[in-house]
Amino acid sequence: ARAGETTPYAQTGYCQYIHISHLKIISEPTSSSDSAPINLQTKADYWRIVNCDVSWRSTTTGAGSLHAKAGGIAGNGESIRVYGNWIHDIYGDPTYNENNGCYIDGNLLCAQNFTMAFNCTKTITGGNGWQSYNSVASDTFRGIKMHHNWIEGTNKYGINIADNTKDGHWWANIVVDSGGYAIINQSATALQDIQVEYNTVYGWARVSTTLAAVGLTASPASGTSKFQNNIVAQAIGRANTGYSFFIQNNGTCTVSNNRWHDYSGNLAVKPAADAAGSYGTPTFVDYAVKDFRLAVGSACIDVGTAALTSVGLYDFLLAPRTVNATKDIGAMEKQ
């Protein structure tokens, strides 16, 4: 109906207040760019995407726009909520890594006040588990909240906080077996306030074997960003081919009180940038079957140093976040 417009995706006021729930959506394997199961495109304000099952087993490859580009859920708008979805088998061209689990972007404006919670994202063969990226809109991503998500088996990064992301909060997420960085902040936006805390990472550099678990690779001029109270553990059996725990080339992000461990022993000390951090096993209940609850005696119990906001009062399993007077670090509280 809008095909005759000069710029059909650069308008305002269209397609707002849409609710999509309890649908199974499978994108055609041979479809190309922007053929995501759910694509909000531009200014999809106040959408709710809840309890859906989405997949896109793309078989399209090639340079430019020939390969699949978007994600299981993609686009931008104001106050979008993405809750309880099963986002899986999002295939893509591994040469370009542009087909993601969830991808928020900018057109007229960047996505604002975007919340993604209680989702499971798994098997992303040509992209990131979650990504924010803008190269078009003149503003920045603001008010991002990402919590209580499981992200597993990405070809690129687990959580990719990329260009023009100014502020947000990432907590109580579990990131398993990412292809490169598990969590990376590449945004160079000034006055940045990106809080990454109380998450659990297990396994990284499965594909890009020289990359670190955590990267703070941009150089914002100023800000109050933090990476703290997270558990970062390399998977058992992962060979040491040049990877590391941490890479940082700027001093604008506070790194503090994280627990670092390599189950194969190739990395034997914590990163120097985390002066208050510690090295050693987190003592999960059973990391071999991905049970990342803390076992009795874990050094991660009752050592959290930062208070979560009122929206962060529950751990990954929605149990009370503080059992004793002090929080445990990582995504799960010992109950």
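Keep in mind that this is a model prediction, so the values were computed, not measured.
Cluster annotation: V207 and L211 are assigned to distinct hydrophobic clusters (Ile/Leu/Val/Met/Phe/Trp/Tyr, side-chain heavy-atom contacts under 4.5 Å, transitive). If you chain together hydrophobic residues whose side chains sit under 4.5 Å apart, L109 and Y133 never meet in one group. I236 and W260 fall into different hydrophobic clusters, where Ile, Leu, Val, Met, Phe, Trp and Tyr side chains are chained together by heavy-atom contacts under 4.5 Å. Residues I247 and I184 share a hydrophobic cluster, clusters being chains of Ile/Leu/Val/Met/Phe/Trp/Tyr side chains in contact below 4.5 Å. At a threshold of 4.5 Å between side-chain heavy atoms, the hydrophobic network of Ile, Leu, Val, Met, Phe, Trp and Tyr places Y46 and I38 in two separate groups.
Taking the six-membered ring for Trp and the full ring otherwise, the centers of F114 and F141 sit at least 6.0 Å from each other. Residues H147 and F316 keep their aromatic ring centres 6.0 Å or farther apart.
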**Q.** From CA spacing to verdict: side chain to side chain contact (heavy atoms under 4.5 Å, CB included), C110, D139
**A.** CA-CA 6 Å; C110 288; D139 65 341; 3.4 Å; yes
Q) side chain to side chain donor-acceptor pair (under 3.5 Å) between N160 and Q186: does it pass, once the steps are laid out? A) CA-CA 8 Å; N160 185 4; Q186 303 185 74; 2.7 Å; yes
(Q) Under the criterion salt bridge (charged side-chain N to carboxylate O under 4.0 Å, His left out), I'd like the reasoning laid out for E152 against K290: C-alpha separation, chi angles, the key distance, then a yes or no. (A) CA-CA 11 Å; E152 179 180 356; K290 303 168 188 172; 2.4 Å; yes
Q | Check against side chain to side chain donor-acceptor pair (under 3.5 Å), D193 and T224 | A | CA-CA 5 Å; D193 184 16; T224 57; 3.3 Å; yes
(Q) Please determine whether side chain to side chain donor-acceptor pair (under 3.5 Å) holds for the pair T60 and S58, giving the CA-CA distance in whole Å, both sets of side-chain angles, and the decisive distance to 0.1 Å. (A) CA-CA 6 Å; T60 60; S58 172; 3.1 Å; yes
Q: Just do the side chain to side chain contact (heavy atoms under 4.5 Å, CB included) check on V136 and N134 with the steps written out, would you?
A: CA-CA 6 Å; V136 178; N134 165 60; 4.1 Å; yes
Q) Under the side chain to side chain contact (heavy atoms under 4.5 Å, CB included) criterion, do F118 and L318 qualify, and how do the steps go? A) CA-CA 10 Å; F118 317 115; L318 299 182; 3.7 Å; yes
Q | Verdict with reasoning, T189 to L191, per side chain to side chain contact (heavy atoms under 4.5 Å, CB included) | A | CA-CA 7 Å; T189 305; L191 295 173; over 6 Å; no
(Q) Applying ring pair (Phe, Tyr, Trp, His ring centres under 6.0 Å) to Y263 and Y287, what does each step give before you reach the verdict? (A) CA-CA 10 Å; Y263 278 99; Y287 63 84; 3.9 Å; yes
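A donor-acceptor pair under 3.5 Å is absent between the side-chain atoms of N230 and the main chain of R259, judged by distance alone. Listed for the N76 side chain is a donor-acceptor partner under 3.5 Å among the backbone atoms of K43. The main-chain N or O of G126 is never found under 3.5 Å from a side-chain atom of D93 such that the two would form a donor-acceptor pair. At least one donor-acceptor pair under 3.5 Å links the side chain of N99 to the backbone N or O of Y91. Although no hydrogens or angles enter the test, the distance criterion places a donor-acceptor pair under 3.5 Å between the side chain of N119 and the main chain of N85. Looking only at distances, no side-chain donor or acceptor of D291 sits under 3.5 Å from a matching main-chain atom of V285. Distance alone, capped at 3.5 Å, places no donor-acceptor pair between the N100 side chain and the Y103 backbone. Judged purely by atom type and a 3.5 angstrom limit, R321 has no side-chain atom pairing as donor or acceptor with the backbone of D315. A donor-acceptor pair under 3.5 Å is absent between the side-chain atoms of Q248 and the main chain of A273, judged by distance alone. Within the 3.5 Å criterion, the main-chain N or O of P282 finds a donor-acceptor partner in the side chain of S298.
Remark: of the listed residues N185, I161, V175, I183, I161 is the sole one forming a side-chain contact (heavy atoms from CB on, under 4.5 Å) with W170. W171 pairs with exactly one of Q195, M146, H148 by the side-chain contact (heavy atoms from CB on, under 4.5 Å) rule, that one being H148. Partner of Y243 under the side chain to side chain donor-acceptor pair (under 3.5 Å) criterion, out of T210, T209, D262: D262 alone.
For the pair D302 and V323, the minimum side-chain heavy-atom distance is 4.5 Å or more. N229 is not listed as a side-chain neighbour of K327, based on a closest heavy-atom distance of 4.5 Å or more. For the pair L40/I80, a side-chain contact is recorded, criterion being any heavy-atom separation below 4.5 Å from C-beta on. Y181 has its side chain out of reach of W204: every pair of non-hydrogen atoms, C-beta onward, lies at least 4.5 Å apart. Taking 4.5 Å as the limit, every side-chain heavy atom of N149 sits out of range of all side-chain heavy atoms of W130. In this structure, the side chains of F245 and K270 stay at 4.5 Å or more apart for every pair of heavy atoms. Side-chain contact check for Y83 versus T115: some heavy-atom pair is nearer than 4.5 Å. Contact of the Q228 side chain with the D274 side chain is not registered, since no non-hydrogen atoms from C-beta on lie closer than 4.5 Å.
Annotation for H67 and A63: closest pair ND1-C, 4.1 Å, computed over non-hydrogen atoms. Closest non-hydrogen pair, I194 versus S225, comes out as N-OG, 3.0 Å. Summarising the geometry of F284 relative to A233, their closest heavy-atom pair is CE1-CB, 4.4 Å, with the distance given to 0.1 Å. Between S27 and A36, the shortest heavy-atom distance links the atoms OG-C, 3.5 Å. Counting all heavy atoms, side chain and backbone alike, Y17 lies closest to W47 at N-CD1, 4.3 Å. Here the shortest heavy-atom pairing between S132 and A162 reads O-CB, 2.9 Å.
The CD1 atom of I73 sits 12.0 Å away from the CD1 atom of I104 when rounded to the nearest 0.5 Å. From Q234, atom CD reaches atom CZ of R206 across 11.0 Å, with rounding to the nearest 0.5 Å. Atom NE2 of H88 is separated from atom OG1 of T121 by 10.5 Å, given to the nearest 0.5 angstrom. Residue I231 holds its CD1 atom at 9.5 Å from CG of N258, rounded to the nearest 0.5 Å. Here CD1 of I49 is found 12.0 Å from CZ of R81. Values are rounded to the nearest 0.5 Å. Separation of atoms OG1 (T140) and CG (D167) is listed at 7.0 Å; rounding is to 0.5 Å.
Crowding of R238 atom CZ: a count of heavy atoms from other residues, nucleotides or ligands under 6.0 Å exceeding 12. Counting heavy-atom neighbours within 6.0 Å of K122 NZ, excluding the residue itself, gives a total of 12 or less.
With no hydrogens or angles considered, a side-chain donor-acceptor pair links N155 and N97 at under 3.5 Å.
Partners of W56 by ring-ring contact (aromatic ring centres under 6.0 Å, His included), not counting sequence neighbours: none found.
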